[in-house]
Trainee: 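I'd like to ask you about the structure that follows.
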Amino acid sequence: MFDLRDRGYRSPFEQLVASLISARTRDETTLVVSERLFAVARTPDAMAELPEERLIALLRGATFPEPKARDILALSRRILDEHHGSVPGTPDALMTFHGVGPKIAALTLAVGFGIPALAVDIHVHRIVNRWGYVAARTPERTMTALLGVLPRHYWVEINERLVPFGKWVCTGERPHCSTCPLRDLCERVGVTESR
DNA sequence: AAAACGGGGGC
DNA sequence: GCCCCAGTTTT
């Protein structure tokens, strides 16, 4: 998902919604659409009262505005009905919402609540494999491996620092090794892609 | 584990 | 027209 904390305090609910909007969506788009939406509705109550057509219009520009509008409306109502209006603070509860899977759940917990949670997306998977610390074919297996090795204290850091690092520096194609602050690390562990 | 799903923006 | 995008759901 999407870390909005550098734009002022954001509630777990806003973090959850922004995370849902960010699925398969570029960061800049997520930011613009989220801000536009939160200017109108920033709580489950306000969100649940939004007519679906209005919400779809507010989400225009994001990917899949219609399915996301339905998901956001449905989870807002369920937060009101089943959770006293507060976003639940466990992965299992979060993943019962349609459209919320392991990554959105983990990032909502990590960024929204500050609870240790690990979401190994494609970027973290690539970096860890590149470094050779874990030889895992899928992000799921990389996550399992990291959960067994990494102190909980660092899980939040991975979500908030390593993912952006993978997006902007340790990219899939043409990694920016010449300006990478961790180039020495790569050379130490013998990563030959370093350029 | 792999395919399907849902689309908007950039080149 | 083609491809990517802080993913989730269904085969």
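Quick note on labels: first sequence line is chain A, next is B, and so on, each numbered from 1.
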Trainee: From the set C:dA6, B:dG7, C:dT8, return the single nucleotide nearest to any side-chain atom of A:E66.
Mentor: B:dG7
Trainee: Between A:N159 (side chain only) and A:V111 (backbone N and O only), is there a donor and an acceptor less than 3.5 Å apart?
Mentor: no
Trainee: Does the aromatic ring of A:F64 sit over the six-membered base ring of B:dG6, closer than 5.5 Å centre to centre and tilted less than 30°?
Mentor: yes
Trainee: Rounded to whole Å, please give me the gap between CG in A:D121 and P in C:dC5.
Mentor: 11 Å
Trainee: Say whether, by atom type as modelled, one donor and one acceptor occur between the side chain of A:H125 and the main chain of A:M143 under 3.5 angstrom.
Mentor: no
Trainee: Can you check the A:R70 CZ to C:dT8 P distance for me, whole Å?
Mentor: 17 Å
Trainee: Between A:H98 and A:T25, name the one whose nearest nucleotide on DNA chain C is closer to the 5' end.
Mentor: A:T25
Trainee: Between P on C:dT9 and CD1 on A:I104, what's the gap in Å once rounded to a whole number?
Mentor: 8 Å
Trainee: Can you check whether A:L150's main-chain N or O pairs, donor with acceptor, with A:W155's side chain at less than 3.5 Å?
Mentor: yes
Trainee: If the P atom of B:dA3 is compared with that of C:dC4, how far apart are they to the nearest Å?
Mentor: 16 Å
Trainee: Looking at the side chain of A:R26, which of C:dG7, B:dA1, B:dG8 is the nearest nucleotide?
Mentor: B:dG8
Trainee: With the side chain of A:T63 defined as its heavy atoms from C-beta on, choose the nearest nucleotide among B:dG8, C:dA6, C:dG7.
Mentor: B:dG8
Trainee: Does the side chain of A:T63 pick up a donor-acceptor pair with the side chain of A:K68 at under 3.5 Å?
Mentor: yes
Trainee: Rounding to a whole Å, what distance do you find between A:D71:CG and B:dG6:C1'?
Mentor: 10 Å
Trainee: Could you tell me the separation between the NZ atom of A:K68 and the P atom of C:dG7, rounded to a whole number of Å?
Mentor: 10 Å
Trainee: Find which nucleotide of DNA chain C each of A:G99 and A:R24 is nearest to by heavy atoms, and output the residue with the more 5' nucleotide.
Mentor: A:R24
Trainee: Looking at the side chain of A:P65, which of B:dG7, C:dG7, C:dA6 is the nearest nucleotide?
Mentor: B:dG7
Trainee: C:dA6 phosphate, OP1 or OP2: any side-chain N/O from A:K167 under 4.0 angstrom?
Mentor: yes
Trainee: Could you check A:L59 against A:I21 for side chain to side chain contact (heavy atoms under 4.5 Å, CB included), going step by step and ending with a plain yes or no?
Mentor: CA-CA 8 Å; A:L59 292 177; A:I21 291 172; 3.8 Å; yes
Trainee: Does A:T30 use its side chain to pair, donor to acceptor, with the backbone of A:R26 at less than 3.5 Å?
Mentor: yes
Trainee: Can you tell me how far C1' in C:dA6 sits from the matching atom in B:dC11, rounded to whole Å?
Mentor: 23 Å
Trainee: CE of A:M143 versus P of C:dT8: gap in Å, rounded?
Mentor: 11 Å
Trainee: What is the distance from CD of A:E140 to C1' of C:dT9, rounded to the nearest Å?
Mentor: 13 Å
Trainee: Considering only the C1' atoms, how many Å lie between B:dG6 and C:dC5, rounded to the nearest integer?
Mentor: 12 Å
Trainee: Using purine N1 to pyrimidine N3 plus N6-O4 or O6-N4 for Watson-Crick, or N1-O2 and O6-N3 for G-U wobble, each under 3.5 Å, what pairs with B:dG6?
Mentor: none
Trainee: What is the distance from CZ of A:F97 to P of C:dT9, rounded to the nearest Å?
Mentor: 12 Å
Trainee: Name the nucleic acid region contacted by A:A119, choosing base, sugar-phosphate or nothing; use a 4.0 angstrom heavy-atom cut-off, strictly under.
Mentor: nothing
Trainee: Indicate, with a heavy-atom threshold strictly under 4.0 Å, whether A:T29 touches base, sugar-phosphate, or nothing.
Mentor: nothing
